[in-house]
Q: 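Okay, handing you the structure first.
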2 protein chains.
Amino acid sequence: MNEVVENSVDKREAILQGAFDEFCENGFLAASMDRILQTAGASKRTVYRYFESKEVLFQTLMLRQWRVIADNLKVSYRPGVDVREQLVEMGRAQARLYTSPEIMTANKMLMSEILRDPELVREIQNQVDYTASFEQLLKEAAADGALTIANPRQAAEEFISLLKGKAFWPFMLGAPLVSSEEMDAMIDQSVDMMMNQYGA
Amino acid sequence: MNEVVENSVDKREAILQGAFDEFCENGFLAASMDRILQTAGASKRTVYRYFESKEVLFQTLMLRQWRVIADNLKVSYRPGVDVREQLVEMGRAQARLYTSPEIMTANKMLMSEILRDPELVREIQNQVDYTASFEQLLKEAAADGALTIANPRQAAEEFISLLKGKAFWPFMLGAPLVSSEEMDAMIDQSVDMMMNQYGA
DNA sequence: GTATAGGTACACCCAACAGTTTACCTGCAT
DNA sequence: ATGCAGGTAAACTGTTGGGTGTACCTATAC
């Protein structure tokens, strides 16, 4: 054998990695299974042993990506801690996503596919509620008297809108990725606005 | 002849209309030139007389769409008029876009293609600056003493972010189109937030 | 009346590509 | 030693689809 011996888990992983790169570069339709298996160093038969179709391979990857996103968005209210600081923490949770090239590149492609064919990612999409964790934090902060919020859901969405408007969507439309420092400034601006609106 | 006689302008228009429908339904890659000419009731030769390739046909349509958007975003500052009312007017300009099924359907497809292949729409994209008109209005309002805004560009972007976050992006991700009434409420909320942040 | 512009119909070329089939290889476990 | 699980290699199938070539039609202009 020419190559280093790999066990079957590695092979599957290699295929997923190759597919990730190819899908990110070309999108679902223009991605070529031939190129994927070439990148992965696997034969066609092997690819189709692990994944019954291009579509299944794609969905497997997207589910994985969705989990990465969800894992980065976990925050919870800490009573007694300065509420402004906690809003900044919420912003930083989003910022972790917006400043990661790998995540954002994948997001760009994923977004394109969602728009083109919602069915392709429908089930996956419904498994994650981005705003739930933020909404919960704001609700608890309001109950605690730290903020005055009639509609926590709306407030959470407003906050996320501000951050996405500054960092997420511009990148989607071709702007360069924002740095951590720029992101900190953006978080500050957005938190200011939230405090002006909802500060107790 | 089976059909009503058409002059060549009508024929070109029929092709554009057929292409618009097909591209909206299937996106650029999955759109079929055969289906387009069938819908348009034109022969393949005729289509290729007017548009040298699928790509050119697509870009022609997208440029047209871009103009529609730009035309809906024109606002200008009116000294003496209540500034809150003018912010609402800015919101309504956006709302005209967000509540139009035809515009939003086209936008969804267009957005998908921008994400997939920025080159396809690069030149077109740079011809329109959405926020310029809003930024100018805010700047004049600030000069007039009606608002206190250090960074009008940023303020314009924040306002648009709030509105897009409430109406534009949710639709892009599968939510139903918002009605004019819902839109009015969203505009109110967003204007409140702007007034709290930037009110004189 | 005839030439030209614009149109139709339709067979055709060529390339890409998802997925299958077949034949063969190899290391490990029994 | 042998059998099987997991792998490679490569030819093949079937279809789709952008774009072209060719022959023919039909008005209106001159």
Side-chain angles (χ1 to χ4, degrees), chain A residues 1-62 109 112-113 116-117 119-121, chain B residues 1-62 109 112-113 116-117 119-121:
Chain A
M1 222 197 238
N2 298 339
E3 317 236 342
V4 178
V5 179
E6 305 174 27
N7 68 31
S8 64
V9 173
D10 286 342
K11 205 77 208 175
R12 196 186 128 99
E13 208 50 44
I15 293 166
L16 282 168
Q17 187 56 52
F20 183 84
D21 295 346
E22 174 69 12
F23 282 131
C24 281
E25 186 133 348
N26 298 104
F28 178 73
L29 286 178
S32 148
M33 292 297 274
D34 283 345
R35 273 195 300 270
I36 289 173
L37 61 90
Q38 203 173 337
T39 307
S43 76
K44 212 159 192 178
R45 213 69 202 85
T46 305
V47 170
Y48 280 96
R49 207 191 308 283
Y50 283 116
F51 307 97
E52 72 182 23
S53 68
K54 188 184 188 182
E55 203 162 311
V56 167
L57 177 53
F58 182 75
Q59 286 169 332
T60 305
L61 273 171
M62 291 311 103
M109 184 271 296
S112 175
E113 298 306 328
R116 191 184 57 78
D117 181 7
E119 296 305 322
L120 211 64
V121 284
Chain B
M1 225 199 237
N2 297 340
E3 316 235 343
V4 179
V5 179
E6 306 173 27
N7 67 32
S8 63
V9 174
D10 286 344
K11 205 77 210 175
R12 196 186 128 99
E13 207 52 42
I15 292 167
L16 282 168
Q17 185 58 53
F20 183 84
D21 295 346
E22 174 69 11
F23 282 131
C24 281
E25 186 133 347
N26 298 104
F28 178 74
L29 286 178
S32 147
M33 291 298 273
D34 285 343
R35 272 197 300 271
I36 289 173
L37 59 92
Q38 203 173 339
T39 308
S43 75
K44 208 160 190 176
R45 262 271 164 265
T46 306
V47 171
Y48 279 95
R49 205 188 312 281
Y50 284 115
F51 306 97
E52 72 181 23
S53 68
K54 188 186 189 182
E55 203 163 310
V56 167
L57 177 53
F58 183 76
Q59 285 169 332
T60 306
L61 273 172
M62 290 311 101
M109 185 270 296
S112 175
E113 298 306 328
R116 192 184 56 79
D117 181 7
E119 296 306 323
L120 211 65
V121 285

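Within every chain, numbering begins at 1; the chains are lettered A, B, ... in the order of the sequence lines, protein sequences first and strands thereafter.
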Q: Send over the distance from A:Glu55 CD to C:dC17 P, rounded to a whole Å.
A: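 Value for this atom pair: 17 Å.
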
Q: Specify the separation, in whole Å, of atom NZ of A:Lys11 and atom C1' of C:dT26.
A: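 Computing the A:Lys11:NZ to C:dT26:C1' distance gives 14 Å.
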
Q: Check this one for me: any side-chain N or O of A:Tyr50 less than 4.0 Å away from OP1 or OP2 of D:dG6?
A: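 No.
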
Q: Just verifying a value: how many Å separate B:Glu25 CD and B:Thr39 OG1, rounded to the nearest 0.5 Å?
A: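 If we round to the nearest 0.5 Å, B:Glu25:CD and B:Thr39:OG1 are 9.0 Å apart.
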
Q: Could you tell me the separation between the CZ atom of A:Phe51 and the C1' atom of D:dG7, rounded to a whole number of Å?
A: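 Computing the A:Phe51:CZ to D:dG7:C1' distance gives 16 Å.
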
Q: For a side chain to side chain contact (heavy atoms under 4.5 Å, CB included) check, start with the C-alpha distance between B:Leu37 and B:Ile15, then their side-chain angles and the critical distance, and finish with the verdict.
A: CA-CA 7 Å; B:Leu37 59 92; B:Ile15 292 167; over 6 Å; no

Q: Counting distance alone, no hydrogens or angles: does the base of D:dG7 have a donor or acceptor under 3.5 Å from a partner atom on the side chain of A:Arg49?
A: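 A donor-acceptor contact between them is present.
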
Q: Applying side chain to side chain contact (heavy atoms under 4.5 Å, CB included), run through B:Thr60 and B:Arg12 and close with a yes or a no.
A: CA-CA 12 Å; B:Thr60 306; B:Arg12 196 186 128 99; 4.1 Å; yes

Q: Between B:Ile36 and B:Lys54, is the side chain to side chain contact (heavy atoms under 4.5 Å, CB included) condition met? List the steps.
A: CA-CA 10 Å; B:Ile36 289 173; B:Lys54 188 186 189 182; 5.9 Å; no

Q: To the nearest angstrom, how far is B:Leu37 atom CG from D:dG18 atom P?
A: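 Value for this atom pair: 9 Å.
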
Q: What is the separation between atom CZ on A:Arg45 and atom P on C:dT21, rounded to the nearest whole Å?
A: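 So the CZ-P distance, A:Arg45 to C:dT21, works out to 7 Å.
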
Q: Please determine whether a side-chain nitrogen or oxygen atom of B:Lys54 lies at a distance below 4.0 Å from atom OP1 or OP2 of D:dG17.
A: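 No, because none of the side-chain N or O atoms of B:Lys54 sits under 4.0 Å from OP1 or OP2 of D:dG17.
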
Q: Answer with yes or no whether B:Lys44 presents, from its side chain, a donor or acceptor under 3.5 Å of a partner atom in the base of D:dG19.
A: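 Such a pair is found, so the answer is yes.
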
Q: Which whole-number value in Å describes the distance from A:Tyr48 OH to D:dG7 P?
A: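 One finds 16 Å between P of D:dG7 and OH of A:Tyr48, rounded.
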
Q: Under a 3.5 Å cutoff, is there a donor and acceptor pairing between the side chains of A:Asp21 and A:Gln17?
A: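 Yes.
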
Q: When you check the phosphate oxygens OP1 and OP2 of C:dT8, does a side-chain N or O of B:Thr46 lie under 4.0 Å from one of them?
A: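 For C:dT8, OP1 or OP2 has a side-chain N or O of B:Thr46 closer than 4.0 Å.
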
Q: Rounded to whole angstrom units, what separation is found between the CD atom of B:Gln38 and the P atom of D:dT16?
A: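 Distance check: B:Gln38 CD to D:dT16 P gives 14 Å.
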
Q: Rounded to whole angstrom units, what separation is found between the CZ atom of B:Arg12 and the C1' atom of C:dG7?
A: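 These atoms are roughly 16 Å apart.
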
Q: Counting just side-chain N and O atoms, does B:Ser43 come under 4.0 Å of either OP1 or OP2 of C:dC10?
A: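 For B:Ser43, the contact criterion (side-chain N or O under 4.0 Å from OP1 or OP2 of C:dC10) is not met.
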
